[in-house]
**Student:** 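Have a look at this one.
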Amino acid sequence: MAKHIFVTGGVVSSLGKGLTSASIGMLLERRGLCVRMQKLDPYINVDPGTMSPYQHGEVYVLDDGSETDLDLGHYERFTNSPLTRDSNYTTGQIYQSVINKERRGEFLGKTVQVIPHVTDEIKSVIRKLATEGVDVVITEIGGTVGDIESLPFLEAIRQIALDVGKENCLYIHLTLIPYLKAAAELKTKPTQHSVGQLRQIGIQPDILICRTDRELPLEQRRKIALFCNVPVEAVIEERDKDFSIYEVPLSLVQNGLDELIIRKLRLEGLAGPLQLDDWKELLHVLRNPEHEVSVAVVGKYAEHRDAYKSIYEALDHAGIAHRAQVRAQPIHSELIQREGPERVLAGFDGILVPGGFGERGIEGKVQAVRFARERHIPFLGICLGMQCAVIEFARHVLGWTEAHSTEFDKNTPYPVICLLDEQKKITDKGGTMRLGAQPCVLQPGTRAWQAYQQVLIHERHRHRYEFNNAYRQQFAQAGLIVSGTSPDGRLVEIVELQGHPWFVAVQFHPEFKSKPTAAHPLFRNFIAAAIQHRRQPAPVATPGV
């Protein structure tokens with residue numbers, strides 16, 4: 001029978017439950033256990049796909065096309081647990097399922113209530129992951145204890161212990177220990193109140209992980225243990241990590257968390273010794289870089305770092321691969337529109353234009369692409385970043401000054417980017433969103449092929465608009481070649497510029513498949529080009545190609 005670990009959070013939001021859950025999953029995997037990861041989000045949206053990045057950070061896309069919470073990115077970067085649409089559920093999805101069952105008459109005329117119908121639905125999605133061969137299912141409960149939205153989820157996980165037996169269930173509560181300067185001491189009262197709220201629901205935490213910006217003295221740990229009814233050894237310090245999030249697993253090991261979990265869930269017979277040599281090596285590389293490069297990330301959500309979370313992580317992974325420190329600087333594309341790329345982008349070793357939706361800031365992205373192309377600065381365009389690269393090339397190389405995407409200008413005379421059904425019905429996909437892993441065939445000898453070293457790849461998509469095939473020949477003749485397409489050749493997946501040190505733009509999201517121990521090939525080669533650029537004298541701008 002699979003064991004269950006439930007991770008909850010208290011006092012304030014944004015404590016790092018996702019990182020902590022991912023770190024626990026990694027430690028258990030590194031001890032030879034089969035782990036599955038899951039996030040249950042209390043918001044009523046069906047998924048984060050329609051939510052603003054300012055509200056929720058990036059939308060993380062899985063191979064099966066699920067649009068999920070960004071914490072699933074942590075799960076994939078830290079563990080090898082396969083993630084599917086069953087790895088992320090929201091209140092909206094839960095209620096939608098319950099209502100659909102009621103409409104079909106599956107409740108046989110009963111009054112549909114939160115208990116048992118909603119809680120049973122929640123328990124059913126948790127049990128989906130507890131399949132044969134799985135040793136531990138880790139379920140993170142989003143939100144903060146005390147939020148009204150979280151109550152059905154907390155009630156459901158309380159019942160799980162009754163269903164599977166308390167010896168097969170572990171509750172971990174992540175909480176904040178604030179430091180008050182006026183009193184010059186750490187305060188445990190918020191944690192006591194948070195645990196008290198959980199106990200009122202019927203959940204007694206087995207382990208408390210205490211977020212703090214400084215050492216948690218033994219005296220304070222004993223106080224927390226006494227008032228929260230847990231052993232002192234189960235009060236785990238998790239100090240802020242100013243250097244790297246990849247320190248978190250080692251910090252938890254130093255505090256004995258993996259041993260405690262193994263013992264409490266009686267997994268001694270299955271768990272082996274902890275294997276962390278490669279993880280320690282990557283941290284050594286991060287602390288002792290041999291190079292330094294700067295990369296401008298030109299986006300429209302630059303104020304909110306979580307909006308491009310996977311981008312920044314993938315850049316760090318590429319830096320690890322080259323023993324380099326990558327200084328990624330978010331640049332708002334509207335700032336480039338106002339002040340010009342020469343003033344804003346001068347001095348960077350690489351320029352990356354990420355994805356996004358909507359017209360705001362588009363012209364700034366186009367100017368950033370032109371700056372990278374003409375100044376021979378290594379460039380990586382992702383999703384909308386690729387579309388901006390195509391628009392820029394059409395305007396300033398092909399001379400089609402009014403070229404645009406029909407997403408932003410329905411009447412453009414040169415619709416170089418358009419919906420699929422605008423391409424004279426070349427496919428039956430219409431204007432629907434392309435989501436999830438899609439195959440791509442690479443052209444041998446291209447920059448893309450050099451990165452992947454294989455012909456067929458699969459990458460994750462999240463977009464509606466595509467390169468317009470009606471213009472493919474003109475682009476190729478002018479020097480912007482198509483180096484990757486769908487297997488039938490109809491969908492352009494990758495374009496790159498001939499005669500440029502490194503200029504690659506892709507329709508998909510490579511950042512979603514990057515890991516700290518295995519940098520994504522495109523990010524790896526992009527940073528290699530940035531390192532080379534830093535070593536060379538500044539090139540002279542060359543308008544055109």
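Heavy-atom basis, side chains included; hydrogens, waters and symmetry copies ignored. The chain is numbered in sequence order, starting from 1.
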**Student:** Enumerate donor-acceptor pairs with a distance under 3.5 Å from any side-chain N or O in residues 226-236 to protein atoms, sequence neighbours excluded.
**Tutor:**
from : atom 1 : to   : atom 2 : distance (Å)
N229 : ND2    : Q204 : OE1    : 3.4
E233 : OE1    : R263 : NH2    : 3.1
E233 : OE2    : R263 : NH2    : 3.1

**Student:** Step by step, work out the side chain to side chain contact (heavy atoms under 4.5 Å, CB included) result for V195 and L208.
**Tutor:** CA-CA 9 Å; V195 172; L208 297 177; 3.7 Å; yes

**Student:** Mind listing the side-chain donor-acceptor pairs of residues 318-326 below 3.5 Å, one per line with the distance, residues two or more places apart or on another chain?
**Tutor:**
from : atom 1 : to   : atom 2 : distance (Å)
H322 : NE2    : R524 : O      : 2.7
R323 : NH2    : E281 : OE2    : 3.0
Q325 : OE1    : R327 : NH2    : 3.2

**Student:** Check E121 with K101, please: is the shortest side-chain N to carboxylate O separation under 4.0 Å?
**Tutor:** yes

**Student:** Where is the tightest heavy-atom contact between L282 and P516, given as atom of each residue plus distance?
**Tutor:**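 Nearest heavy atoms, L282 then P516: CD2-CB, 4.0 Å.
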
**Student:** Could you tell me whether R462 and E58 make a salt bridge, using a distance below 4.0 angstrom between a side-chain N and a carboxylate O?
**Tutor:** no

**Student:** Rounded at 0.5 Å granularity, tell me how far CD1 in I382 sits from NE2 in H509.
**Tutor:**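 NE2 of H509 is found 7.5 Å from CD1 of I382.
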
**Student:** Please test E511 against E313 for side chain to side chain contact (heavy atoms under 4.5 Å, CB included), starting from the C-alpha separation and ending with a verdict.
**Tutor:** CA-CA 8 Å; E511 69 271 23; E313 294 304 314; over 6 Å; no

**Student:** Quick one: which residue pairs count as a salt bridge (Lys or Arg N to Asp or Glu O under 4.0 Å) with a foot in residues 104-119, not counting sequence neighbours?
**Tutor:**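 Applying salt bridge (Lys or Arg N to Asp or Glu O under 4.0 Å) to every pair that reaches into residues 104-119, excluding sequence neighbours, yields R104-E106.
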
**Student:** Please step through side chain to side chain donor-acceptor pair (under 3.5 Å) for the pair S87 and K39, ending with a clear verdict.
**Tutor:** CA-CA 6 Å; S87 302; K39 173 77 179 287; over 6 Å; no

**Student:** Return the minimal non-hydrogen interatomic distance between G355 and C383, and the atom names on each side.
**Tutor:** CA-CB, 4.1 Å

**Student:** Whether the side chain of D47 engages the backbone of G49 through a donor-acceptor N/O pair (distance < 3.5 Å, no angle test) should be reported.
**Tutor:**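 A pair under 3.5 Å: yes.
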
**Student:** For a salt bridge (Lys or Arg N to Asp or Glu O under 4.0 Å) check, start with the C-alpha distance between D71 and K17, then their side-chain angles and the critical distance, and finish with the verdict.
**Tutor:** CA-CA 8 Å; D71 278 333; K17 292 193 304 297; over 6 Å; no

**Student:** Applying side chain to side chain contact (heavy atoms under 4.5 Å, CB included) to L491 and T485, what does each step give before you reach the verdict?
**Tutor:** CA-CA 5 Å; L491 301 175; T485 67; over 6 Å; no

**Student:** Hey, are Y60 and H74 close enough side-chain-wise for a donor-acceptor pair under 3.5 Å?
**Tutor:** no

**Student:** Just checking I148: does its CD1 atom have more than 12 heavy atoms from other residues, nucleotides or ligands closer to it than 6.0 angstrom?
**Tutor:** no

**Student:** Check K3 with D135, please: is the shortest side-chain N to carboxylate O separation under 4.0 Å?
**Tutor:**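 The answer is no: the pair does not qualify as a salt bridge.
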
**Student:** E247 and salt bridge (charged side-chain N to carboxylate O under 4.0 Å, His left out): which partner among R239, K241, R287, K280?
**Tutor:** R287

**Student:** If every non-hydrogen atom of C169 is compared with every non-hydrogen atom of I160, which pair is closest and at what distance?
**Tutor:**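 Heavy atoms only, the tightest pair is SG-CG2, 4.3 Å.
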
**Student:** Work out which heavy atom in H117 is nearest to a heavy atom in Q113; give both atom names and the distance.
**Tutor:** ND1-N, 3.0 Å

**Student:** Aromatic ring centroids of Y301 and H304 under 6.0 Å?
**Tutor:**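 Not under 6.0 Å, so no.
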
**Student:** Which word best sums up how the rings of F78 and W279 line up, parallel for under 30°, tilted for 30 to 60°, or perpendicular for over 60°?
**Tutor:** tilted

**Student:** In terms of side-chain geometry, is the basic nitrogen of E259 or R31 positioned less than 4.0 Å from the acidic oxygen of its partner?
**Tutor:**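 R31 and E259: salt-bridged.
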
**Student:** Count the heavy atoms belonging to other residues, nucleotides or ligands that lie under 6.0 Å from CD of E219, then report whether that count exceeds 12.
**Tutor:**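 Open: at most 12 neighbouring heavy atoms sit under 6.0 Å from CD of E219.
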
**Student:** Nearest 0.5 Å please: distance from the CG atom of D69 over to the CG atom of L40.
**Tutor:** 10.5 Å

**Student:** Can you pull the ring-ring contact (aromatic ring centres under 6.0 Å, His included) pairs that have at least one residue in residues 7-52, sequence neighbours excluded?
**Tutor:** Y43-H56

**Student:** Let me have the donor-acceptor pairs involving side chains of residues 5-15, under 3.5 Å, with sequence neighbours excluded, atom names and distances please.
**Tutor:**
from : atom 1 : to   : atom 2 : distance (Å)
T8   : OG1    : H173 : ND1    : 2.7

**Student:** Can you confirm whether the side chains of E237 and T212 place a donor and an acceptor under 3.5 Å from each other?
**Tutor:**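 Per modelled atom types, E237 and T212 side chains form no pair under 3.5 Å.
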
**Student:** What pairs meet the salt bridge (Lys or Arg N to Asp or Glu O under 4.0 Å) rule with one or both residues in residues 189-210, with sequence neighbours excluded?
**Tutor:** K166-D206

**Student:** Suppose we call two aromatic rings close when their centres sit under 6.0 Å apart. Are F523 and H317 close by that rule?
**Tutor:**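 No.
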
**Student:** Does the S66 side chain pair with the main chain of T68, one donor and one acceptor, at a distance under 3.5 Å?
**Tutor:**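 Such a contact is absent between S66 side chain and T68 backbone.
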
**Student:** List for me each residue that meets ring-ring contact (aromatic ring centres under 6.0 Å, His included) alongside Y95, sequence neighbours excluded, and say none if there are none.
**Tutor:**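 For Y95, no residue satisfies ring-ring contact (aromatic ring centres under 6.0 Å, His included) once neighbours in sequence are set aside.
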
**Student:** Per the salt bridge (Lys or Arg N to Asp or Glu O under 4.0 Å) rule, what does the pair list look like for residues 77-89, sequence neighbours excluded?
**Tutor:**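 Non-adjacent pairs meeting salt bridge (Lys or Arg N to Asp or Glu O under 4.0 Å): D64-R85, D86-K128.
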
**Student:** Give a yes or no answer on whether the side chain of T119 reaches the backbone of I115 with a donor-acceptor pair at less than 3.5 Å.
**Tutor:** no

**Student:** Can you list everything that forms a ring-ring contact (aromatic ring centres under 6.0 Å, His included) with Y312? Sequence neighbours excluded, please.
**Tutor:**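 Testing Y312 for ring-ring contact (aromatic ring centres under 6.0 Å, His included), a comparison that skips the adjacent residues, returns none.
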
**Student:** Go through the structure and list residues passing ring-ring contact (aromatic ring centres under 6.0 Å, His included) with F526, not counting sequence neighbours.
**Tutor:**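 Counting only residues at least two positions away or on another chain, F526 forms a ring-ring contact (aromatic ring centres under 6.0 Å, His included) with W502.
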
**Student:** Ignoring hydrogens, what is the shortest heavy-atom contact between K123 and D163? Give both atom names and the distance.
**Tutor:** NZ-OD2, 3.0 Å

**Student:** If we ignore hydrogens and angles and just use 3.5 Å, is the side chain of D488 paired with the main-chain N or O of R490 as donor and acceptor?
**Tutor:**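 Indeed, once roles are kept as given, a pair shorter than 3.5 Å links the two residues.
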
**Student:** For the residue pair P42 and G142, what are the closest heavy atoms and their distance?
**Tutor:**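 Of all heavy-atom pairs spanning P42 and G142, the closest is CG-O, 3.2 Å.
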
**Student:** Any chance you could lay out the side chain to side chain contact (heavy atoms under 4.5 Å, CB included) test for W449 and V455, step after step, and finish with the verdict?
**Tutor:** CA-CA 7 Å; W449 184 88; V455 172; 4.1 Å; yes

**Student:** Surrounding CD of E132 (heavy atoms of other residues, nucleotides or ligands, distance under 6.0 Å), is the total greater than 12?
**Tutor:**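 Check fails, neighbour count at 12 or below.
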
**Student:** Under the salt bridge (Lys or Arg N to Asp or Glu O under 4.0 Å) rule, what pairs show up with a residue in residues 152-162, not counting sequence neighbours?
**Tutor:** E155-R158

**Student:** Would you call R460-D63 a salt bridge at under 4.0 Å N-O?
**Tutor:**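 Yes, this pair counts.
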
**Student:** Just how far is it from atom CG of L198 to atom OH of Y171, taken to the nearest 0.5 Å?
**Tutor:** 10.0 Å

**Student:** Indicate the ring-plane relationship of H520 and Y452, choosing parallel, tilted or perpendicular according to the 30° and 60° boundaries.
**Tutor:** perpendicular

**Student:** Is there a donor-acceptor contact under 3.5 Å linking the side chains of E140 and Y75?
**Tutor:**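 A pair is found: one side chain offers a donor N or O, the other an acceptor, under 3.5 Å apart.
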
**Student:** Could you measure the distance from the CZ atom of F153 to the CG atom of D41? Nearest 0.5 Å is fine.
**Tutor:**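 That separation rounds to 7.5 Å.
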
**Student:** If the condition is side chain to side chain contact (heavy atoms under 4.5 Å, CB included), which residues does T188 pass it with, not counting sequence neighbours?
**Tutor:** Q192, Q220, K223, I224

**Student:** Supply the atom-to-atom distance I261 CD1 to L267 CG, rounded to the nearest 0.5 angstrom.
**Tutor:**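 Output value for this atom pair is 9.5 Å.
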
**Student:** What distance separates I172 CD1 from I209 CD1, expressed to the nearest 0.5 Å?
**Tutor:** 5.0 Å

